[in-house]
Amino acid sequence: MKSDVLAELAATLEERKTAAADSSYVASLHAKGLNKILEKVGEESIETIIAAKDAAISGDKSDLIYETADLWFHTLVMLSHLDIGPDAILDELARRFNLSGLDEKANRSN
Ligand SMILES: N=c1c2ncn([C@@H]3O[C@H](COP(=O)(O)OP(=O)(O)OP(=O)(O)O)[C@@H](O)[C@H]3O)c2ncn1[C@@H]1O[C@H](COP(=O)(O)O)[C@@H](O)[C@H]1O
């Protein structure tokens, strides 16, 4: 299941927090600290925006998918650096979805 990828990636990111900085890309980001990780999130955000503009013009979505994966990955590293796992974000999205689901049900019954 695709949600397993997220759980397994999150577990790997946790392991990298205590790994040697020269042994992996993620370990090197943790060693450089939060500012470096935030710099990468910023870079990947801009690259994603440019890719979305290009996709809208060309119709080719492959770069946008690639850049969005880079952005999601670096936000997961950011969260992991601050001891937050992806479940916290999924729980918040579920909470909002359930709230909007209740709104929709209420609208349908009116
Ligand atoms: N999903 C990813 C992933 N996505 C992107 N990247 C890296 O993110 C970087 C983004 O590209 P850039 O060109 O911006 O980066 P760069 O020029 O290498 O980096 P800077 O010098 O600019 O910081 C590249 O080095 C990619 O290899 C990733 N690196 C690792 N993972 C996952 O994280 C796990 C742990 O990785 P390691 O820590 O490398 O073992 C791996 O098993 C993968 O599943």
Side-chain angles (χ1 to χ4, degrees):
M1 230 167 93
K2 290 188 179 170
S3 60
D4 290 345
V5 172
L6 193 54
E8 284 173 27
L9 177 57
T12 301
L13 298 185
E14 281 306 299
E15 285 170 19
R16 296 297 191 265
K17 283 162 85 173
T18 52
D22 59 359
S23 67
S24 91
Y25 175 70
V26 175
S28 77
L29 282 180
H30 285 301
K32 286 173 188 164
L34 182 62
N35 282 350
K36 177 64 184 177
I37 295 169
L38 296 179
E39 189 186 302
K40 295 302 297 179
V41 171
E43 275 177 34
E44 302 304 344
S45 299
I46 291 164
E47 287 171 12
T48 300
I49 290 167
I50 293 168
K53 292 275 192 186
D54 287 348
I57 293 165
S58 70
D60 180 352
K61 297 170 184 167
S62 54
D63 280 356
L64 177 57
I65 292 166
Y66 187 91
E67 295 299 345
T68 303
D70 270 356
L71 177 59
W72 284 20
F73 167 73
H74 284 90
T75 59
L76 287 170
V77 175
M78 173 192 72
L79 292 169
S80 166
H81 194 79
L82 297 170
D83 299 322
I84 300 168
D87 279 355
I89 313 305
L90 294 174
D91 287 348
E92 176 60 18
L93 288 172
R95 188 187 68 77
R96 295 178 193 180
F97 182 74
N98 290 333
L99 280 180
S100 68
L102 290 176
D103 286 349
E104 274 176 35
K105 276 182 211 155
N107 287 338
R108 264 186 255 129
S109 64
N110 286 337

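For ligands, and for the atoms within them, numbers begin at 1 and follow the listed sequence. Since the structure is predicted, the reported quantities are computational estimates derived from the model, not experimental observations. FYI, the numbering just counts along the sequence from 1.
Atom 41 (C) of ligand 1 lies below 4.0 Å from none of the non-hydrogen atoms of the protein. Shown here, atom 27 (O) of ligand 1 is out of close reach of the protein: none of its heavy atoms lies under 4.0 Å off. When distances from atom 31 (N) of ligand 1 to the protein are checked, a heavy atom turns up under 4.0 Å. Within the 4.0 angstrom cut-off, atom 21 (O) of ligand 1 has no protein heavy-atom neighbours.
Atom OG1 in Thr75 sits 11.0 Å away from atom CG in Leu38 (nearest 0.5 Å). Leu13 contributes atom CG, which lies 4.5 Å from atom CG of Leu9 (distance to the nearest 0.5 angstrom). For the atom pair CD (Glu44) and CD (Glu39), the distance works out to 11.0 Å, reported to the nearest 0.5 Å. Within the model, atoms CG of Asp87 and CG of Leu6 stand 8.0 Å from one another, a figure rounded to the nearest 0.5 Å. The CG atom of Leu76 lies 11.5 Å from the CD1 atom of Ile84; values are rounded to the nearest 0.5 Å. For the atom pair Thr18 OG1 and Arg16 CZ, the distance stands at 9.5 Å (nearest 0.5 Å).
Within the structure, ligand 1 has His74 among the residues with a heavy atom less than 4.0 angstrom away. Proximity of Glu47 to ligand 1 is not established, as no heavy-atom distance is less than 4.0 Å.
Checked by atom type and distance alone, the side chain of His81 never pairs as donor or acceptor with a backbone atom of Val77 at under 3.5 Å.
Within ligand 1, counting atoms from 1 as listed, the ones closer than 4.0 Å to a heavy atom of Val26 are 35 (C), 36 (O), 38 (O). Residue Lys36 approaches ligand 1 through these ligand atoms, each under 4.0 Å from one of its heavy atoms: 23 (O). Applying the 4.0 Å criterion to heavy atoms of Asp70 picks out, from ligand 1, the atoms 4 (N), 5 (C).
Protein heavy atom in closest approach to atom 12 (P) of ligand 1: Lys40 NZ, 3.6 Å. Of the protein's non-hydrogen atoms, the one nearest atom 11 (O) of ligand 1 is Glu44 OE2, 4.1 Å. In this structure, the protein non-hydrogen atom closest to atom 37 (P) of ligand 1 is Ser24 CB, 3.5 Å. Taking atom 43 (C) of ligand 1 as the reference point, the nearest protein heavy-atom neighbour is Leu9 CD1, 4.4 Å.
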Extract all donor-acceptor atom pairs below 3.5 Å that involve side chains of residues 50-59 and protein atoms in other chains or at least two apart in sequence.
| unit_1 | atom_1 | unit_2 | atom_2 | d |
| --- | --- | --- | --- | --- |
| Ser58 | OG | Asp54 | O | 3.0 |
| Ser58 | OG | Asp60 | N | 3.1 |

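Minimum heavy-atom separation, Lys17 to Ser80: NZ-O, 2.7 Å.
Annotation: side chain of Phe73 is in contact with side chain of Val26 (closest heavy-atom distance under 4.5 Å).
The residue among Phe73, Tyr66, Tyr25 with a heavy atom at the shortest distance from atom 2 (C) of ligand 1 is Phe73.
Checking only distances, Thr12 never comes within under 3.5 Å of ligand 1, N or O to N or O.
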